[in-house]
Amino acid sequence: MKHLLSLETMPRAAMETVLKASAGFKTGRGGRHAQPLAGQTWALLFAKSSTRTRVSFEVAIRELGGQPMFLNAADIQLGRGEPIKDTARVLGRMVHGTVIRTYAQSDVEEFARYSAIPTVNALTDQEHPCQILTDIFSFEEKRGPIPASIVAFVGDGASNVAQSWIFAAAKLGFELRIAAPNAFQPPRDVLRRAGVREMGTATGRGCGGELENGGRLLVTEHLEQAVAGADLVYTDVWVSMGKEAETATRLQALEPFQVNNALLKFAKPDALVMHCLPAYRGKEISENTFESHASTIFDQAENRLHVQKAILNWIIS
Ligand code: CP
C-alpha cells in the first residue's frame, strides 16, 4: 500500500512518475479518461483552513470517478479529543483513502499506520509535499527539467514549504538557496536528514553544501546571494497556520525578506516568481511584483488539480 506522507520518504522514481503523469491529466481534462477511483469514497480530514488543497482534491476525486467526503476535524469526535489512531481505525473500515491536513507530522504518520488505507499529507507543520510537487511541475512546464536550475526560497526557511523544498532538492538534484533570517532558517536536523554533506562553518548566519544527485543547498541571511542568477524566486506567507501567536516577531524579523522588483533585479531576467497562496501583499511579496507574475502564480494554483490527480492515480496503482 502506498501513502504520500512526505517528500522526505517519497522515492525519487515516484516523484518522477507523478510529475510525468500530471501533464497528461492537464491536457486530457474534459475528455474521456479512466475512472480509477470509481466506487471509492475518500475522506478529506482537515484541521486547518484550505482553499486550493481542499477544492483541488475534491474535484480531482470526483473527476477520477470517486466520491470526496469533507470532514472538518473540529466537527467530528477528533475535535473533542478522540485519539487519531481510533479515528483512523474507524475511517479505515469505511472509506478507501484519506487526505489529511493537520498540525503534527506524526499525526499523519499515525493515521496511515492505523487506518491501513492510502493516506495523503495535505499539509502539516513539517511538510507540504503536494504543493511542492505542483511547484516543480509548474516550473518544468515553463522552463524544462529542474535539475540544472537554481531555486531561491525567500522568507520563513523553517516552514513546511521550505522543508519540502529541501527534500525535493535532495531527491531531484537541483540547486536550492534559502534566504531567511537566522531565527527562521531550516533546523539542522532537516539538513542532516536531507543528506547535506558539508554544513559549512556554523556561524549561525548560514550554511549549506552538496546534496545527492548533484544538487546543492545554501542557507543564508544574504538575500542577494540567494537570488543571484536564480531561475525561480519563491516565497510563502510569513505567519503559517498555527503560528499566529508569533505574528509580531515574525513580521519584524522577516520584513527585509520581501520579494519585490528591487530583489528580482539579481535573479535571471526571465526568472519565474511563484507563491503557493494565499498571498499577503506588502508582506512577503509586493503588490506590483505579485500582479506582474500573477499569470505564473495562478497557473501554479490551477496545477494543484492536475497534480493531485496524478498523486491519487499513483497511490492506488
Ligand atoms: N497553497 C495551499 O495549500 O493553499 P490552501 O491553504 O488554500 O489549501
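Sequence positions, counted from 1, serve as the residue numbers for this chain. Remember, it's 1-based here, ligands and their atoms both numbered in the order they're listed.
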Quiz: residues 7-19 side-chain donor-acceptor pairs under 3.5 angstrom, not counting sequence neighbours:
unit_1: E8; atom_1: OE1; unit_2: R193; atom_2: NE; d: 3.4
unit_1: E8; atom_1: OE1; unit_2: R193; atom_2: NH2; d: 2.9
unit_1: E8; atom_1: OE2; unit_2: R193; atom_2: NE; d: 2.8
unit_1: T9; atom_1: OG1; unit_2: S6; atom_2: O; d: 3.4
unit_1: T9; atom_1: OG1; unit_2: S6; atom_2: OG; d: 2.7
unit_1: R12; atom_1: NE; unit_2: E16; atom_2: OE2; d: 2.9
unit_1: R12; atom_1: NH1; unit_2: K171; atom_2: O; d: 3.2
unit_1: R12; atom_1: NH2; unit_2: E16; atom_2: OE2; d: 3.3
unit_1: T17; atom_1: OG1; unit_2: A13; atom_2: O; d: 2.9

Cation-pi check, R54 onto F70 ring (under 6.0 Å, within 45° of axis): yes
Shared hydrophobic cluster for I146 and I132 (ILVMFWY, side-chain gaps under 4.5 Å): yes
Identity and distance of the protein heavy atom lying nearest atom 4 (O) of ligand 1: R52 NE, 2.9 Å
Mutual orientation of the aromatic rings belonging to Y234 and F153 [parallel < 30°, tilted 30-60°, perpendicular > 60°]: parallel
The single option from D135, D231, T296 passing side-chain contact (heavy atoms from CB on, under 4.5 Å) against L272: T296
Ligand 1 contacted by H128 (non-hydrogen, < 4.0 Å): yes
Ligand 1 atoms in contact with R304 (distance to a heavy atom under 4.0 Å): 1 (N), 2 (C), 3 (O)
Min N/O separation L123 to ligand 1 under 3.5 Å: no
Ligand 1-proximal atoms of R101, by part, heavy-atom distance under 4.0 Å: side chain
From K26, K309, R32, residue fulfilling salt bridge (charged side-chain N to carboxylate O under 4.0 Å, His left out) relative to E63: K309
Close approach, L277 and ligand 1, non-hydrogen under 4.0 angstrom: yes
N or O pair under 3.5 Å between R54 and ligand 1: no
Proximal atoms of ligand 1 relative to T51 (non-hydrogen, under 4.0 Å): 5 (P), 7 (O), 8 (O)
